[in-house]
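Below: one structure, written as structure tokens.
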Amino acid sequence: MPSASVSKFKIETLVLQSTPFCNIDCSYCYLPDRTSKALMSEQTLERAFSRVFSSPFLGDHLTVLWHAGEPLVAGVDYYRHAFDILERCKPSGVSVTCHFQTNGTLLTQAWVDFLADSSSKIGLSIDGPADLHDRTRKTRSGNGTFQRSMQGLRLLQKNNLPFHVITVLTKESLGCPDKLFEFYVENDIRQVAFNVEEIEGVHSSSSLQSQDSDRQMKEFLRRFLDLLTERRPKLSIREFDGAFHAIVNPKSADYGNPMAEPMRFVSVGVDGDISTFSPELLGTRSCRYPSFAFGNVHADALVDVLTNPIFKEVNSDIQAGIQGCRNSCQYFDVCLGGVPGNKLFENGSFATCETLFCRLAKKAVVDVVLERVERNLGLT
Ligand code: SF4
């Protein structure tokens with residue numbers, strides 16, 4: 001169990017909330033302040049980078065993820081300036097890769113040029129063909145966003161800029177593995193990550209909260225794996241790749257559980273609040289803890305987080321939850337204790353084990369991949 005006072009972990013990912021605002025209004029969105037048009041100020045950006053780059057948690061490489069709102073609403077010029085500040089603060093010998101996770105509706109040629117020039121990575125949130133995507137990914141006036149997101153995707157493809165797609169699986173999409181598969185193949189989408197519709201933040205229920213979801217998820221995954229095996233498209237699915245890797249390579253567990261270990265993920269909110277563990281905690285509220293802001297870049301160094309009393313309580317509860325998983329769950333060696341945010345939002349406490357999220361996104365995936373590995377080895 002990691003000790004907060006002697007953390008051996010390095011920051012891998014700095015999540016920066018340039019704005020909490022989102023220009024669309026997905027039905028499953030967890031962000032409580034997505035109507036706020038606040039922008040992270042130049043001073044806050046500078047303090048955030050200075051705090052991270054002067055901290056003892058800095059390694060040789062840092063991923064900066066612009067997220068927790070729709071990052072593209074801040075505009076290209078905002079990020080040109082932000083990247084200049086980052087370069088000014090960055091020590092030599094440290095490499096930084098920036099990632100943008102976006103709904104794609106605001107992508108323009110200027111954005112594509114900026115992403116290419118800055119070697120940034122980009123992920124698009126697209127939930128499949130129009131009838132699936134537009135059920136949940138809507139504008140504030142209730143219109144679907146599929147056409148605009150696909151225009152963004154086409155622009156990336158026209159410019160040969162690699163990207164991945166995140167698809168949120170809902171009750172409806174679990175019934176449509178063939179439709180999703182054909183959509184990815186027809187649109188030459190080559191890297192996909194499946195997120196399940198989670199109970200998270202202000203999204204307090206999920207279409208997947210049914211007794212039958214585990215079976216439906218497994219059927220979806222089996223069919224998708226069959227299609228991949230039969231058709232062999234240029235398409236990789238994060239969940240399958242991750243489970244195969246974890247099953248055939250037990251040493252992958254040495255990587256640990258970044259969302260359950262202090263300071264591996266550091267999140268900085270629009271006003272400079274600092275959080276760690278699951279990025280979704282930043283800005284969300286809980287009746288159990290006063291706040292998940294364990295400091296603020298304008299007042300605190302990152303090491304101060306480790307002595308913050310709320311951080312200590314949260315860390316202790318998270319580690320109790322991980323220990324409970326270790327003691328009780330046969331999937332622990334590949335899951336490593338799940339995601340603290342899901343435990344809190346679903347069970348009301350970090351010091352718990354199973355969640356809907358882990359049943360669908362961990363256990364079902366491992367079961368289906370293990371079945372396939374055993375079948376391929378002639379063991380079943
Ligand atoms: S699958 Fe669920 S119960 Fe098992 S280790 Fe992971 S989070 Fe814990």
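Whatever order the structure lists ligands and atoms in, that order sets their numbers, starting from 1. In this chain, numbering begins with 1 at the start of the sequence shown.
For atom 6 (Fe) of ligand 1, the closest non-hydrogen atom of the protein is C335 SG, 2.2 Å. From the protein, the heavy atom lying nearest to atom 2 (Fe) of ligand 1 is C358 SG, 2.4 Å.
The ring of F277 has its center no closer than 6.0 angstrom to the ring center of F265.
For the 3.5 Å distance criterion, the side chains of S207 and E197 qualify, holding a donor opposite an acceptor.
Atom numbering of ligand 1 starts at 1 in the shown order; those under 4.0 Å from a heavy atom of G337 are 5 (S), 7 (S). Near G338, with a cut-off below 4.0 Å to any heavy atom, the atoms of ligand 1 are 6 (Fe), 7 (S). Remark: ligand 1 atoms within the under-4.0 Å shell around heavy atoms of C329 are 1 (S), 3 (S), 4 (Fe), 5 (S).
The shortest distance between side-chain heavy atoms of I24 and R140 does not fall below 4.5 Å.
Of the options L72, L153, L161, a side chain to side chain contact (heavy atoms under 4.5 Å, CB included) to L107 is made by L72 and by none of the others.
Cluster annotation: L221 is not connected to V168 through the hydrophobic network of ILVMFWY side chains, with a link wherever side-chain heavy atoms come within less than 4.5 Å.
At least one N, O or S atom of C325 sits under 2.8 Å from atom 8 (Fe) of ligand 1.
Counting heavy atoms under 4.0 Å from ligand 1, residue K363 touches it through the side chain alone.
In this structure, E182 pairs ionically with R231, as a charged nitrogen and a carboxylate oxygen lie closer than 4.0 Å.
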